[in-house]
Protein chains: 2
Amino acid sequence: MAANAPRRVTMSDVARHAGVSRTTVSFVLNDRPGAAIPDETRHRILASIEELGYRPNAGARALAAKRSEWYGLITEIVTAPFAVDVIKGAQDRAWLDRKFLLIAASEGEAAQEAAALDKLLEQRVEGLLYATTWHRAVTLPKAAREVPTVLVNCYDADGELPSVVPDEVTGGHRAAAHLVAAGHERIGFINLDPGIPAAVGRREGYERALREAGITFDEGLVVSGHATADGGYTAACELLDRADRPTALFCGNDRMAMGAYDAIKERGLRIPQDVAVVGYDNQELIAAYLRPKLTTLALPFEAMGAKGVDMLAALAAGQPLDTTQVTVDCPLLERSSV
Amino acid sequence: MAANAPRRVTMSDVARHAGVSRTTVSFVLNDRPGAAIPDETRHRILASIEELGYRPNAGARALAAKRSEWYGLITEIVTAPFAVDVIKGAQDRAWLDRKFLLIAASEGEAAQEAAALDKLLEQRVEGLLYATTWHRAVTLPKAAREVPTVLVNCYDADGELPSVVPDEVTGGHRAAAHLVAAGHERIGFINLDPGIPAAVGRREGYERALREAGITFDEGLVVSGHATADGGYTAACELLDRADRPTALFCGNDRMAMGAYDAIKERGLRIPQDVAVVGYDNQELIAAYLRPKLTTLALPFEAMGAKGVDMLAALAAGQPLDTTQVTVDCPLLERSSV
DNA sequence: GCGCTTTAATAACGCGCGTTAGTGCGATGT
DNA sequence: ACATCGCACTAACGCGCGTTATTAAAGCGC
C-alpha cells in the first residue's frame, strides 16, 4: 500500500547536493572522532541537510550500527496511575540517553504478555523493563532472557534477573518512627495480606522503629485485612474497640486508611487529636481529598522507572551490576492526619 | 559498545538449516500470495524457525519494505489521566493492525515538542497523533506535514489537518435535557471560560435543549467562572442567591461541581432534592467520591484515541477522509446528583 | 519424443546507513 | 630530489530483509 509515499531525502541526496561522498556526510553527522573534516566542508554539508530537510532514518541506522537505541517496557495495565509514573520515570531517563521507550501492555494476560514480548524483541530492543502493579515475585517467559531485563516493582522468582523494588522496610520504619516522634506509643498496624513482600517488609520496619524507641511490641496491635476501604474499616474497628485502644493507626494503603477514617469518626474520635493515621501509596485523589488530608508514604514509581533504565543502561554497556536487587526509598508525605 | 552482543538468528540461518533459499523462507513468513510452497517445505521451514528461535528483525523489515508499522503519538503530559486514556485507546486500536505506537511527551514546551516530533519522524512513523489536555486550537510545526497527522482533542488553527474532538454540543444538550427530563425548568449553567470550544459548544447544546422543551432561555442563569473548585463555588453562590434560584446546576467540569456542592450545602439545601447537579469530565476520583456521587458527562478520551488511529489508518492507506473534523460523543454517567 | 505450461525454487538487487580499508595530494624533512 | 607523513576524502562491503526476475524441473497433451 501507500506506494505513493514520496521518496524521503537520504544521505546520498545530501552528499550529492554538498558535492561530497556519502561517507563524509556520515562522518559529520556522527562527528566521528579521528575524521578530520575542515569547517568549510562541514558547514556546507550541514547547510545541505538543512536545505533538503534531511532526517536520518533511525531504522536503517539501527540495522547498520546493530544498535536499536530502544528499550522496551511491559506493564500490566497502561491506564493504572502507577504505570503512568513508571512510564514517565523510565521515559525521561531513557530520553537522556536519546533512547526511545517502546511501551506494551500485557493487561494481565499471559498470552498478551507473550505477544508483547515478541513484538518488543522483534524491534530488537536493547533492554527490557517489566513492571507490575504491586510488589511481588514474578516469572517471566524465557524469551525475556534474550536481552538485558530489569524487573520494576517486582522480583524474579528464580532470583536471576535484577530488580528494583520499593524499600518496604524503611517505609514501615519511617511511618512508625514518624508516629513515635509525634508522641505515640500505642500504634496500631493494619497490615496488608501477610506473606506479600510489602506486608513482611513494613512489619519489619515497624517493629524495628518501636524497638529503637524502647516501646515493647504488642502483637495484638497488628492486624491484617483486605486491601480495601471495607477491609480497613473492619480492621480499624477491631483495634479501636480494644480496652487499650491505640492512639495511632498505620494502614497498609490509602484505601484502608479511608475505611479507618470512617471507623474513627463513627466513634466520635477526632483525627489526629484522638487517633493519628498514616497511610501508604499516596493515591493522590484519596490522600489529598480525605478530611483531614492523609499523611502517607509514596511508592516511588517514577524513581523506580528511572532507576530501572539506569540499570538497563549499565547492563547494555556490559557493566556488571553491583547488586541484583535495588531498593528505592518511599518518601513520607506529611499532611494533616498526624 | 556492546560488541559482545551475540549474533542473532537471521533468515539466512533458517534457510540454511531448512535447506532452502532465504527467499523461500521470506515467502512462507509473509505467506506471499502467488508463491506455491508445498506443505512439506513450509513445515520444514517453520520447524527450523521454531528450533533456532528465529525472530524477524522489524527494523530490517521496515527498511526493505519501506513501511515501519509504527504510529507516533505526541501528548502534552504523559501522566495526566486523560493522556493515559488516549494512549490506551490508540494503542489497542493500533495493535489490531499490528502496529506499534511510539509515545513521546512534549511537556507543554515547544522545544521538547519539536524534539519529540523529530525523533518520531526519524523513526519513520507512518502516521502521527497529536493530543492535548483540553479541547482547543493548535498550530503544529511544519514538520508534522511530512506524514499523515490527526489531531486528538484539538484542531488545526489553519483548518488543514484532520481532527477528532469531543462533541461538546451534544454533550451540553444531553446534560440539559437530562435535567429537563428530571423535571427542572430553571437550570443554572456554570460555564467554562467563554470563548474556548467547550464553552461555546456546550452552551449551544444547552440552549437548544431548553428550546426543544419550550423553556424560555434566561441569560441570567448562565455565568462563567474559573475552572476550579473555587470558581465553581463563587459562580454557584451567585446563582443560588438569586431570588428565583435555579433548581439545577450544570457545571463546566467536575471540580467546579465540587465547589458548587459546597455552596449548595452551605445554604442548607440538599442534593438532588433541592438542587440537582451535573458535572463534566468524569474525573473518577472526584465524581465517584463526592456525596452524593456526581452525575457527569465523560470526555471520550479512549474513543478519541482509537478513532484517531482509525483515521490514520485510512490516511496511510491513501483513502481520503470524508470529513476533516470528527466528533465523538460524550456519554452521560448517571449517579446520584440528579 | 517434442513443445508448453505449471510448480518450486533461487540469484541478485536495493532499502539507508555505519564502517573499514584505502587513495590522492600537498607539506615536510634531509 | 626522493621518501615520509598527515590530511581530506572515497569506494566498497555488509547489516537483515522484501522483491523481482529468472531458472530448473516436473507435468501434460499429442
Side-chain angles (χ1 to χ4, degrees), chain A residues 1-3 5-45 48-49 52-69 121-126, chain B residues 1-3 5-45 48-49 52-70 121-124 126:
Chain A
M1 55 198 74
R7 210 180 62 79
R8 309 288 303 260
V9 178
T10 76
M11 239 168 77
S12 302
D13 296 332
V14 174
R16 203 172 311 121
H17 187 270
V20 297
S21 80
R22 202 178 52 64
T23 307
T24 307
V25 177
S26 173
F27 282 177
V28 339
L29 271 179
N30 304 328
D31 40 35
R32 194 155 202 276
I37 314 279
D39 273 359
E40 197 275 325
T41 308
R42 172 186 309 275
H43 286 127
R44 190 152 36 90
I45 292 175
S48 295
I49 288 178
L52 299 180
Y54 168 70
R55 212 181 280 288
N57 181 323
R61 164 182 300 211
L63 184 58
K66 305 192 188 182
R67 299 187 294 115
S68 67
E69 311 280 351
L121 290 175
E122 286 181 10
Q123 305 292 340
R124 295 295 186 267
V125 291
E126 293 178 13
Chain B
M1 57 197 75
R7 210 180 62 80
R8 309 287 306 256
V9 178
T10 77
M11 239 170 76
S12 302
D13 297 331
V14 174
R16 204 171 311 121
H17 187 270
V20 297
S21 79
R22 202 178 51 65
T23 307
T24 307
V25 177
S26 174
F27 283 177
V28 337
L29 272 179
N30 305 328
D31 40 35
R32 194 155 201 274
I37 313 279
D39 273 359
E40 196 275 325
T41 308
R42 171 186 309 276
H43 285 126
R44 190 151 37 90
I45 291 174
S48 295
I49 288 177
L52 299 181
Y54 168 71
R55 211 181 284 285
N57 180 323
R61 163 181 300 209
L63 184 59
K66 304 192 188 184
R67 299 189 294 116
S68 68
E69 311 281 350
W70 295 323
L121 290 175
E122 287 182 9
Q123 305 291 339
R124 294 294 186 269
E126 295 178 11

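Here is the naming used below: chain letters follow the sequence lines, and residue numbers restart at 1 for every chain.
Here the P atom of nucleotide D:dC17 and the CG atom of A:N57 are 16 Å apart, to the nearest Å. Taking atom NZ of B:K66 as the reference point, atom P of D:dT20 lies 11 Å away to the nearest angstrom. Between the CZ atom of A:R61 and the C1' atom of D:dC17 there is a distance of 20 Å, given to the nearest Å. What separates CZ of A:R67 from C1' of D:dG14 is a distance of 17 Å, to the nearest Å. Regarding B:E69, its CD atom lies at a distance of 20 Å from the P atom of D:dG16, rounded to whole Å. A:D13 has its CG atom 13 Å from the C1' atom of C:dC17, to the nearest Å. What separates CD of A:Q123 from P of D:dC17 is a distance of 13 Å, to the nearest Å. For the pair B:I37 CD1 and C:dA9 P, the computed distance is 6 Å after rounding to whole Å.
Salt-bridge check for A:E69 with A:R67: passed, with a basic side-chain N closer than 4.0 Å to an acidic carboxylate O.
Separating the CZ atom in A:R55 from the CE atom in A:M11 is a distance of 16.0 Å, to the nearest 0.5 Å. Here the OG1-CZ distance, from B:T24 to B:R44, works out to 9.5 Å after rounding to the nearest 0.5 Å. The CZ atom of B:R8 sits 6.5 Å away from atom CG of A:L121, with the distance rounded to the nearest 0.5 Å. Annotation: the span from B:E40 atom CD to B:I45 atom CD1 amounts to 9.5 Å, rounded to 0.5 Å.
If you check C:dC17, D:dC15, C:dT20 against the side chain of A:Y54, the one that comes closest is C:dC17.
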Within the sub-3.5 Å range, which N or O atoms of nucleotides 23-26 of chain C have a protein N or O partner, and how far apart are they?
none

What pairs of nitrogen or oxygen atoms, one from the protein and one from nucleotides 22-26 of chain D, lie under 3.5 Å apart?
none

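Judged as a salt bridge (charged side-chain N to carboxylate O under 4.0 Å, His left out), the pairs with a partner in residues 9-37 of chain B (not counting sequence neighbours) are, in order, B:R7-B:D13, B:D13-B:R16.
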### Query
Do B:R61 and B:N30 pass the side chain to side chain contact (heavy atoms under 4.5 Å, CB included) test, and can you show the C-alpha distance, the side-chain angles, and the key distance before you say yes or no?
CA-CA 11 Å; B:R61 163 181 300 209; B:N30 305 328; 3.8 Å; yes
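Of the residues in residues 38-45 of chain A, those placing a heavy atom less than 4.0 Å from an atom of DNA chain D are A:P38, A:T41, in numerical order. Against DNA chain D, the stretch residues 19-30 of chain B makes heavy-atom approaches under 4.0 Å through B:R22, B:T23, B:S26, B:F27, B:N30.
Considering B:V25, B:V20, B:V14 as possible partners of B:S48, the one that fulfils the side-chain contact (heavy atoms from CB on, under 4.5 Å) test is B:V14.
A close approach under 4.0 Å does not occur between any side-chain nitrogen or oxygen of B:R32 and OP1 or OP2 of D:dC17.
A:R124 has its side chain within reach of B:N57: a pair of non-hydrogen atoms, C-beta onward, lies under 4.5 Å apart.
Inspection of the A:T23 and A:S26 side chains reveals no N or O donor paired with an N or O acceptor under 3.5 Å.
Checking side-chain atoms of A:E126 against main-chain N and O of A:S68 turns up a donor-acceptor pair under 3.5 Å.
Consecutive Watson-Crick or G-U pairing (both distances under 3.5 Å) extending over three or more pairs maps onto DNA chain D as C:1-30 with D:1-30.
In terms of heavy atoms, B:Y54 sits closest to B:V9 at CD1-O, 3.5 Å.
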